[in-house]
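Take a look at the structure below.
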Amino acid sequence: MSRFVQGANRRQQTLLPECLDDYVAEENPVRVVDVFVDELDLKGLGFEGMTPAATGRPAYHPAMLLKLYVYGYLNKVQSSRRLEREAQRNVELMWLTGRLAPDHKTIADFRRENGSAFQAACAQFVVLCRQLGLFGAALVAIDGSKFKAVNTRDRNFTAYKVKRRIEQVAEHIASYLQELDTADRHEGEAVDARSDRLVEKIERLRAQMTMLKAMEAEVEARPDHQISLTDPDARAMATSGRGSGIVGYNVQSAVESDHHLIVAHDVVMTGLDKQQLASMAGKAKEAMGVETLELLADRGYFSGEEILACEALGVTTFVPRPLTSGAKANGRFGKQDFVYLPDQDVYRCPAGAMLPRHMTTVEKGMTLHRYWDRASCTGCRLKPQCTPSIERRVTRWEHEAVIDALQTRMDLRPRAMRERRSLVEHPFGTIKAWMGHAHFLMKRLPNVKTEISLHILAYNMKRVMAVLGTTPLMEAIRA
């Protein structure tokens, strides 16, 4: 053993033992957590328990519990029970909490009861990043990703799922009844035992059928025709894999281009991103404190009304238009093959004919103009490639000029979507890796928003420590 590095004797006593601070290096990230929380106005952020009760057992200070959570999410320890264990054995946490070790219920209750305050603390760190000048170019990319909830697929019901399960149960009942008829033609103890088992299975299936019938009526009565039993706010959502899907939440994020920090986020209960563009653009613009903003998003966010709303906010969007034309899919000319001439308010068709406006209608709150020219279509040589109808009609939204300007911007910036992927997809992958396979630990939308805020605070804090270093960051927080 003489040629190996020797450890200290566990029973060796020292006259002047080391203090706890000696075990935590000056560059340790735990010191950033300590300084950040100490500089927060916890009462202003809305944390409860800032004024202790005059009687009863003394409570833990909210600052200590907040430090415990921020440290836990920085180190992929999100469970209250695991945080309880870490507080008892982790030297860094002993230093951070002053050797306090609250029980898991106290830790869990603090997170549940201070959800909006946790979200405000996350927003406060974004404000700090803005004050440090970390948001350079006024450019963000937004995206949404599906995160699993505490709810399995079997405990989520949609109209389609209930219908399929009723059909499956009916098939199983019919199959067991047929087997029971066959068993009745034979005699013996084994046959009797088998008949008893079949009767039990049929009774269970009939009880399940009764439950499914009641669930079918309840699903039909819900506004979104969906019910989740474990987490009532979780929703079934399709994912990119064919035939796959999860029961969870749609997390939205806006990532700035300079240091890939998440400047704004939200959690929604719908699987589609189409209605989230203007909302996320407004949050990102406010968080960055800029007058104008460029925003990159994928085609799932394309919506004329949302793009128009972004224009009103001073946000310039770059969103590819989805190719949903049925005519193009069938090998005929699509709308993009018709050129609009604003001076004359007409469309020029691929054959060169002019299609004037004939009518205006309102559909789903949108004012639409219709253009056609029956005389030009009647003898047109390109008509088989254009339309099977008497004439080809082209529809134009009253604010279509906004979409035309967007398409021009996309043509002039062909690498916009590659730039979007490099900005916004990596943070989602990183956070999901930290969360583990189960993703969210808490139920209901307000609690889920608290969880994702803590993850995003931890992500941003790690990014800033990597960019500035721990010591400069602590000096900036204190300044």
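Every heavy atom of this structure was used, including side-chain atoms; hydrogens, water molecules and symmetry mates were not.
Between the side chain of E256 and the backbone N or O of G136 there is no donor-acceptor pair closer than 3.5 Å. The main-chain N or O of K148 is found under 3.5 Å from a side-chain atom of H439 such that the two form a donor-acceptor pair. Between the side chain of D258 and the backbone N or O of F135, no donor-acceptor pair lies under 3.5 Å. Counting only distance, with no hydrogens or angles, the side chain of R130 and the backbone of A287 share a donor-acceptor pair below 3.5 Å. Side-chain N or O atoms of D337 include one that pairs as donor or acceptor with a backbone N or O of G334 at under 3.5 Å. Within the 3.5 Å criterion, the main-chain N or O of M366 finds no donor-acceptor partner in the side chain of E398. A donor-acceptor pair under 3.5 Å links the side-chain atoms of T387 to the main chain of S389, judged by distance alone.
R413 forms a cation-pi arrangement with F318, by the criterion of a distance under 6.0 Å to the ring centre and an angle within 45° of the ring axis. Cation-pi geometry between R396 and Y340 is met: the NZ or CZ atom falls under 6.0 Å from the ring centre, inside 45° of the normal.
Using a cutoff of 4.0 Å between basic side-chain nitrogens and carboxylate oxygens, R421 and D298 are not scored as salt-bridged. Ionic pairing of E84 and R81 is not present here: no N-O contact between side-chain nitrogen and carboxylate oxygen is shorter than 4.0 angstrom.
Between the side chains of D273 and Q252, a donor-acceptor pair is found at a separation under 3.5 Å.
Residue H455 comes nearest to W434 through the heavy atom pair O-CZ3, 4.0 Å, listed as atom of the first residue, atom of the second, then distance. A pairwise comparison of heavy atoms in V267 and K449 identifies O-CE, 3.5 Å as the closest pair. Between L128 and I477, the shortest heavy-atom contact is CD2-CG1, 3.6 Å. Minimum heavy-atom separation, P320 to M417: CD-SD, 3.5 Å.
For the atom pair CD of Q78 and CZ of R111, the computed distance is 8.5 Å after rounding to the nearest 0.5 Å. The OG1 atom of T378 sits 7.5 Å away from the NZ atom of K383 when rounded to the nearest 0.5 Å.
Test W372, F338, Y371 against Y347 for ring-ring contact (aromatic ring centres under 6.0 Å, His included) and you get one pass: Y371.
Using a 4.5 Å heavy-atom cutoff, the side chains of I142 and S253 are not in contact. The shortest side-chain heavy-atom distance between P356 and H358 falls under the 4.5 Å cut-off.
In this structure, Y459 has its ring center no closer than 6.0 Å to that of Y73. When ring centroids are compared, Y249 and F147 stay outside the 6.0 Å threshold.
Note: W397 and H399 have perpendicular aromatic rings, judged against thresholds of 30 and 60 degrees for the angle between ring planes.
Counting heavy-atom neighbours within 6.0 Å of K335 NZ, excluding the residue itself, gives a total above 12.
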